[in-house]
Participant: 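Handing you this structure, nothing more for now.
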Amino acid sequence: MPMPTEERVSQLVAGLVERRGFDLEGVAITAAGGSQARVTVIVDSDSGVDLDAVAELSSDISQALDDAGDFGATSYLLEVTTPGIDRPLTAPRHWRRARGRKVRVTLRPGAPTPEGSARFDARVGAATETDIALVIGGKRRPHRVTVPLADIEKAVVRVEFSPPGAAEMELAGGVAPGRPEPGASDSGEETADGVVLNRVVASTEGIVE
């Protein structure tokens with residue numbers, strides 16, 4: 001029996017995720033070794049996510065997947081997790097949750113360039129559905145500009161190994177509620193590429209007999 005598609009799993013879990021007060025940010029299905037599959041469900045919320053909440057959601061999703069029976073006799077490892085800080089910012093809610101973080105911004109061709117370059121680092125400030133306030137200039141000359149989200153081609157949060165400047169953070173409006181402070185607190189799982197991720201993860205073994 002073939003494994004269900006990521007779209008199918010998304011359909012099965014979307015309602016559970018929403019009822020728990022989270023946004024479904026993605027689903028991935030990969031091989032976990034042998035005949036076992038790894039199902040990763042990525043969730044987030046404006047207020048942040050703690051381990052207990054993720055563990056409860058993991059139990060709900062595991063039960064729903066078992067009840068649906070789409071995996072047949074294939075065992076699977078379910079991982080419910082929050083996004084790593086290296087997740088691209090593609091929606092207004094991602095920008096809201098990244099307030100206070102440093103990002104690498106790439107502008108679309110032809111967009112005005114506040115730093116004289118289409119690619120630059122900035123600290124995320126207040127976001128609306130159409131615009132984002134960015135603090136540029138670093139610790140020495142921080143100042144705030146507003147950029148239309150439509151002008152941004154790509155933006156990814158940068159890992160920081162030292163605390164940001166106080167003036168930068170004041171202009172950004174501080175860190176979004178429930179999010180870790182940038183800088184020295186950027187600790188967590190280290191990937192093979194050496195990227196540090198801040199994530200909350202709960203795993204459940206699912207075996208359909």
Side-chain angles (χ1 to χ4, degrees), residues 6 22-28 40-50 81-201:
E6 293 170 356
F22 302 131
D23 294 312
L24 179 62
E25 297 291 355
V27 169
T40 303
V41 178
I42 306 169
V43 302
D44 205 356
S45 78
D46 279 350
S47 58
V49 182
D50 62 32
T81 176
T82 56
I85 64 169
D86 61 336
R87 184 264 315 271
L89 309 180
T90 59
R93 67 178 182 273
H94 300 158
W95 289 96
R96 289 197 306 270
R97 295 164 188 172
R99 195 181 72 209
R101 309 292 314 199
K102 180 181 284 188
V103 293
R104 173 66 55 87
V105 176
T106 302
L107 298 175
R108 299 186 186 280
T113 54
E115 279 285 82
S117 172
R119 192 181 187 201
F120 57 92
D121 287 347
R123 196 164 298 280
V124 180
T128 69
E129 292 300 304
T130 57
D131 301 281
I132 181 67
L134 297 174
V135 179
I136 58 179
K139 293 181 180 180
R140 294 186 177 182
R141 50 181 185 89
H143 56 288
R144 188 168 51 209
V145 297
T146 300
V147 176
L149 292 176
D151 285 353
I152 297 176
E153 184 176 83
K154 183 180 180 181
V156 179
V157 174
R158 304 278 283 174
V159 174
E160 297 183 73
F161 297 100
S162 61
E168 285 183 276
M169 291 302 294
E170 183 177 356
L171 287 170
V175 178
R179 307 288 155 165
E181 293 288 333
S185 64
D186 274 343
S187 59
E189 177 185 351
E190 185 171 345
T191 69
D193 298 325
V195 178
V196 178
L197 308 175
N198 277 301
R199 299 197 302 156
V200 178
V201 183

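Note: hydrogens, waters and symmetry copies are ignored here, and every other heavy atom, side chains too, is used.
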Participant: Within the structure provided, determine whether Ile136 and His143 are in side-chain contact (heavy-atom separation under 4.5 Å).
Facilitator: yes
Participant: If you compare all heavy atoms of Val175 against all heavy atoms of Pro180, which two are closest, and at what distance to 0.1 Å?
Facilitator: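 Scanning both residues, the minimum pair turns out to be CG1-O, 3.6 Å.
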Participant: Side chains of Glu153 and Pro109: closer than 4.5 Å at any heavy-atom pair?
Facilitator: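 Glu153 reaches Pro109 side chain to side chain.
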Participant: Rounded to the nearest 0.5 Å, what's the gap from NZ on Lys139 to OG on Ser162? Could you check?
Facilitator: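 Going from the NZ atom of Lys139 to the OG atom of Ser162 covers 4.0 Å.
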Participant: Heavy-atom count around Arg144 CZ within 6.0 Å, excluding the residue itself: above 12?
Facilitator: no
Participant: Is any side-chain heavy atom of Arg87 less than 4.5 Å from a side-chain heavy atom of Asp44?
Facilitator: yes
Participant: Are the side chains of Thr40 and Thr81 in contact, using a 4.5 Å heavy-atom criterion?
Facilitator: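 Side-chain contact under 4.5 Å: yes.
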Participant: Yes or no on side-chain contact (heavy atoms from CB on, under 4.5 Å) for Leu149 and Asp131, after CA distance, side-chain angles and deciding distance?
Facilitator: CA-CA 5 Å; Leu149 292 176; Asp131 301 281; 5.7 Å; no
Participant: Report yes if the side chains of Phe161 and Val159 come closer than 4.5 Å at any heavy-atom pair, otherwise no.
Facilitator: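 Yes - at least one pair of side-chain heavy atoms lies under 4.5 Å apart.
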Participant: Could you report the tightest heavy-atom contact between Gly138 and Glu168, atom names first, then the distance?
Facilitator: O-CG, 3.5 Å
Participant: Got a sec: does the CZ of Arg104 have more than 12 other heavy atoms crowding it under 6.0 Å?
Facilitator: yes
Participant: Under the side-chain contact (heavy atoms from CB on, under 4.5 Å) rule, what do Arg123 and Met169 come out as? Steps first, then yes or no, please.
Facilitator: CA-CA 8 Å; Arg123 196 164 298 280; Met169 291 302 294; 3.6 Å; yes
Participant: Does CD in Glu170 sit with more than 12 non-hydrogen atoms of other residues, nucleotides or ligands closer than 6.0 Å?
Facilitator: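 At most 12 heavy atoms, drawn from other residues, nucleotides or ligands, come within 6.0 Å of this atom.
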Participant: Search all heavy atoms of Pro112 against all heavy atoms of Asp151 and return the closest pair with its distance.
Facilitator: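 Scanning both residues, the minimum pair turns out to be CD-OD2, 3.8 Å.
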Participant: List in chain and number order the residues that pass side-chain hydrogen bond (donor to acceptor under 3.5 Å, both in side chains) with Asp23, two or more places apart in sequence or in another chain; answer none if no residue qualifies.
Facilitator: Arg97
Participant: Should Val156 and Leu89 be marked as a side-chain contact (heavy atoms from CB on, under 4.5 Å) after you check the CA-CA gap, both sets of side-chain angles, and the distance that decides it?
Facilitator: CA-CA 6 Å; Val156 179; Leu89 309 180; over 6 Å; no
Participant: Any side-chain heavy-atom pair from Leu107 and Val147 closer than 4.5 angstrom?
Facilitator: yes
Participant: Given side chains that start at C-beta, do those of Pro182 and Pro164 come closer than 4.5 Å, heavy atoms only?
Facilitator: yes
Participant: With sequence neighbours excluded, tell me which residues meet side-chain hydrogen bond (donor to acceptor under 3.5 Å, both in side chains) with Arg108.
Facilitator: none
Participant: Is the closest side-chain heavy-atom distance between Leu134 and Phe120 below 4.5 Å?
Facilitator: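 Side-chain contact under 4.5 Å: yes.
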Participant: Given 3.5 Å as the limit, does a donor-acceptor pair link the side chain of Thr128 with the main chain of Thr130, or not?
Facilitator: yes
Participant: Between Arg93 and Glu129, is a side-chain contact (heavy atoms from CB on, under 4.5 Å) present by the stated rule, with each step listed?
Facilitator: CA-CA 8 Å; Arg93 67 178 182 273; Glu129 292 300 304; over 6 Å; no
Participant: Which heavy atom in Phe22 sits nearest to a heavy atom in Val43, and how many Å separate them?
Facilitator: CB-CB, 4.1 Å
Participant: Nearest 0.5 Å, please: how far is OG1 in Thr82 from CG in Asp50?
Facilitator: 10.5 Å
Participant: What's the shortest heavy-atom distance between Arg119 and Thr106, and which atoms?
Facilitator: CG-OG1, 3.7 Å
Participant: Roughly how far, to the nearest 0.5 Å, is the CD1 atom of Ile132 from the NE2 atom of His94?
Facilitator: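 Answer for the NE2-CD1 pair, His94 versus Ile132, is 12.5 Å.
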Participant: Which heavy-atom pair separates Arg96 from Ala176 by the least distance, and what is that distance?
Facilitator: O-CB, 3.4 Å
